[in-house]
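Read the structure below first, then the notes.
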Amino acid sequence: MNKKNIGSSFDSWLREEGIQEEVTAGAIKRVLARQVQAAMAEGDLSKAEMARRMQTSRSQLDRLLDPENESVTLSTLQKAAAAIGREVRLELV
């Protein structure tokens with residue numbers, strides 16, 4: 001049986017609802033938080049050590065690691081990436 005999609009795509013629905021940017025930003029933030037947490041676990045880094053390497057507070061690190069908190073700056077992401085030996089790459093497509 002060959003089924004075709006009926007109706008619009010999820011992306012077009014998000015656009016129609018006016019929430020695509022918000023949903024996309026939230027998804028990106030959740031992915032970044034998980035990547036940082038995975039790298040910390042891989043490097044056996046505690047939150048205290050990670051915050052020290054980032055030269056920031058644990059509360060700032062907690063905001064970065066909170067997948068629901070979208071108020072993270074590029075500067076914070078860059079500090080986190082450097083602390084775990086990675087880099088941040090941004091791309092407009």
Side-chain angles (χ1 to χ4, degrees):
M1 180 186 271
N2 191 5
K3 290 186 178 181
K4 287 190 166 195
N5 292 334
I6 299 174
S8 60
S9 69
F10 184 63
D11 286 337
S12 63
W13 178 80
L14 292 173
R15 277 191 301 277
E16 290 168 10
E17 294 297 312
I19 59 172
Q20 184 178 20
E21 290 82 12
E22 179 184 342
V23 170
T24 300
I28 291 168
K29 173 54 172 66
R30 284 188 292 280
V31 168
L32 289 171
R34 287 187 189 115
Q35 287 177 340
V36 171
Q37 287 175 326
M40 287 174 60
E42 186 180 298
D44 199 29
L45 288 175
S46 67
K47 285 184 178 182
E49 176 59 18
M50 181 69 172
R52 187 192 67 75
R53 288 184 183 191
M54 290 175 62
Q55 298 178 337
T56 193
S57 65
R58 277 211 34 207
S59 61
Q60 179 74 9
L61 177 60
D62 285 338
R63 284 189 291 276
L64 171 66
L65 297 176
D66 178 358
E68 301 304 317
N69 187 333
E70 297 175 15
S71 64
V72 175
T73 65
L74 285 175
S75 175
T76 300
L77 287 173
Q78 288 175 317
K79 286 179 183 180
I84 55 178
R86 308 263 173 98
E87 64 182 35
V88 175
R89 292 186 189 167
L90 298 175
E91 181 180 354
L92 296 176
V93 290

(message) According to side chain to side chain contact (heavy atoms under 4.5 Å, CB included), who are the partners of Q55, at least two apart in sequence or on a separate chain?
(response) none

(request) Could you list all the side chain to side chain donor-acceptor pair (under 3.5 Å) pairs where at least one residue sits in residues 78-93, not counting sequence neighbours? (result) E87-R89

(message) My understanding is that only residues two or more places apart in sequence, or in another chain, count here; which of them pass side-chain hydrogen bond (donor to acceptor under 3.5 Å, both in side chains) with S59?
(response) S57

(request) Not counting sequence neighbours, which residues clear salt bridge (charged side-chain N to carboxylate O under 4.0 Å, His left out) with R15? List them please. (result) none

For residues 19-27, tabulate all N or O donor-acceptor pairs below 3.5 Å that involve a side-chain atom, not counting sequence neighbours.
from : atom 1 : to  : atom 2 : distance (Å)
T24  : OG1    : Q20 : O      : 2.8

(request) List for me each residue that meets salt bridge (charged side-chain N to carboxylate O under 4.0 Å, His left out) alongside D62, sequence neighbours excluded, and say none if there are none. (result) K47

(request) Under the side-chain hydrogen bond (donor to acceptor under 3.5 Å, both in side chains) rule, collect the residues that match up with T56, sequence neighbours excluded. (result) none

(message) Using a 4.5 Å cut-off between side-chain heavy atoms of Ile, Leu, Val, Met, Phe, Trp and Tyr, which other residues end up in the same hydrophobic cluster as V93?
(response) none

(request) Return the set of residues passing side-chain hydrogen bond (donor to acceptor under 3.5 Å, both in side chains) with N69 (not counting sequence neighbours), or none when no residue passes. (result) S71

(message) Considering only residues two or more places apart or on different chains, which pairs with a residue in residues 66-75 satisfy salt bridge (Lys or Arg N to Asp or Glu O under 4.0 Å)?
(response) none

(request) Name all residues meeting the salt bridge (charged side-chain N to carboxylate O under 4.0 Å, His left out) criterion together with R53; count only those two or more places apart in sequence or in a different chain, and write none if there are none. (result) E49

(request) For R63 and Q60, run side-chain hydrogen bond (donor to acceptor under 3.5 Å, both in side chains): C-alpha distance rounded to whole Å, both residues' side-chain angles, the deciding distance at 0.1 Å, then the answer. (result) CA-CA 5 Å; R63 284 189 291 276; Q60 179 74 9; 2.5 Å; yes

(request) Give the other cluster members for L64, using side-chain heavy-atom distances under 4.5 Å between Ile, Leu, Val, Met, Phe, Trp and Tyr residues; answer none if it is isolated. (result) I28, L32, V36, M40, L45, M50, M54, L61, L65, V72, L74, L77, I84, V88, L90

